[in-house]
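Right, one structure below, let's go through it.
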Amino acid sequence: MAVERGLSDGQVALCVEELLEAARSGEPIAPARVRRPEMTIADSYAVQRLWRERREADGGEVVGFKIGLTSVAMQKAFGLDEPDYGVIFADQVLESGVTAAAATWNRARVEVELSFILDHALVPGAGSGPDGALTGADVLAATHSVVPSLEILDCHVREEGMTVIDTIADNAALGAVVRGDREFDPASFDLSWVGAKLRINGEIVETGVSGAVLGHPADSAAWLANRFAEQGETIPAGSLLLSGSFTRPLPVAAGDTVVAEYQGMGEVRVQFT
């Protein structure tokens, strides 16, 4: 996204403080178009990077990377022509079967995804694509296993008037990743044709197929890795790459039992209290 910055470094730092305070207090902030109408997507990623640096300075560990808005319909809804992306900290990774308080996240919603666990690093410029770009084939070659996953979305911005400017700054709205308890050899599946059913309290509320994310989850993960490569960042071995949702985000609340059933991969379960 070749977009110029509209905010000063000081204003970016203030945005980070506002998001951190919203996370601490549970009180969402007004959308950027209300507070800083000059804010651009480039500013949003600057906010996200500084927020990440603050968390790392406080001892947080980045263990993964996420892509969002992978469907054309969602991109059009937010006025984009490509997905967005963010990082995953260790304290945001949960295991299937977890019981979690819905109030941990603001307007918690769930999405069905596949995660790649890397055996080898993805290095900027070392891909098999043009000019060393990373490809879906490179991601698969570097992958140790594929894991069915649920993403729990979080948002620290008020919904009315919210745009992608806000969600990107808010680390692409990542709340948590719930990993399945089994890992699978990616060569054992056609990863573009993994179906899933999402149940909330026993009722099927959504279905989807993994190819909805940029045609193939590995291509989606490669797009994600290339965005970080543009910043000179290697995706380390052992990282979790969350490849994008192939279902709509659906709201959850205290008392809900959420189960995502994946074709040939079992299920991922969360109980919200």
Side-chain angles (χ1 to χ4, degrees), residues 1-2 41 45 48-49 52 62-75 78 80-88 92-93 111-151 164 167-168 171-174 177 179-180 183-196 208-247 262 265:
M1 295 176 184
I41 285 176
Y45 281 116
Q48 186 190 120
R49 285 191 296 273
R52 170 184 173 178
V62 172
V63 297
F65 304 82
K66 71 148 287 185
I67 184 172
L69 302 178
T70 47
S71 75
V72 173
M74 289 295 289
Q75 289 169 25
F78 278 94
L80 289 177
D81 58 5
E82 65 178 28
D84 66 357
Y85 56 92
V87 297
I88 304 168
Q92 294 177 301
V93 180
E111 295 181 333
V112 173
E113 313 202 15
L114 294 177
S115 294
F116 293 83
I117 309 298
L118 297 185
D119 200 22
H120 305 290
L122 295 172
V123 180
S128 60
D131 299 321
L134 295 158
T135 67
D138 296 325
V139 169
L140 290 172
T143 294
H144 173 268
S145 57
V146 175
V147 184
S149 303
L150 280 172
E151 181 178 2
V164 72
T167 59
I168 291 172
N171 194 34
L174 176 71
V177 180
R179 287 180 32 147
E183 299 184 7
F184 296 89
D185 180 353
S188 299
F189 294 86
D190 179 349
L191 293 179
S192 68
W193 278 105
V194 177
V209 175
S210 55
V213 293
L214 302 188
H216 195 292
D219 292 337
S220 180
W223 185 95
L224 172 64
N226 282 319
R227 297 293 79 74
F228 284 96
E230 290 170 359
Q231 303 170 37
E233 181 162 358
T234 293
I235 306 295
S239 294
L240 181 152
L241 297 184
L242 193 63
S243 63
S245 176
F246 46 99
T247 60
Y262 297 77
M265 291 184 175

key: Closest non-hydrogen atom pair, Lys66 against Ala172   = NZ-O, 2.8 Å

Can you confirm whether [X] sits close enough to [Y] that some side-chain heavy atom of one is under 4.5 Å from a side-chain heavy atom of the other?
X	Y	result
Ser243	Val139	no
Met265	Leu114	yes
Gln231	Arg49	yes
Val194	Val146	no
Thr234	Pro124	yes
Glu233	Val87	no
Ile235	Phe116	no

Can you measure from [atom1] ([X]) to [atom2] ([Y]) and round to the nearest 0.5 angstrom?
X	Y	atom1	atom2	value
Ser145	Leu240	OG	CG	9.0 Å
Leu174	Ile67	CG	CD1	13.5 Å
Ile117	Arg179	CD1	CZ	4.5 Å
Asp138	Asp219	CG	CG	10.5 Å
Thr143	Phe184	OG1	CZ	15.0 Å
Leu242	Glu113	CG	CD	4.0 Å

Short question: side chain of [X], backbone of [Y] - any donor-acceptor pair under 3.5 Å?
X	Y	value
Glu111	Glu151	no
Ser239	Leu118	no
Asn171	Gly86	no

Aromatic ring pairing Tyr85/Tyr45, orientation class (parallel under 30°, perpendicular over 60°, tilted between) =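 Ring orientation, 0 to 90° scale: parallel.
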
request  = Please step through side-chain contact (heavy atoms from CB on, under 4.5 Å) for the pair Phe228 and Leu122, ending with a clear verdict.
outcome  = CA-CA 10 Å; Phe228 284 96; Leu122 295 172; over 6 Å; no

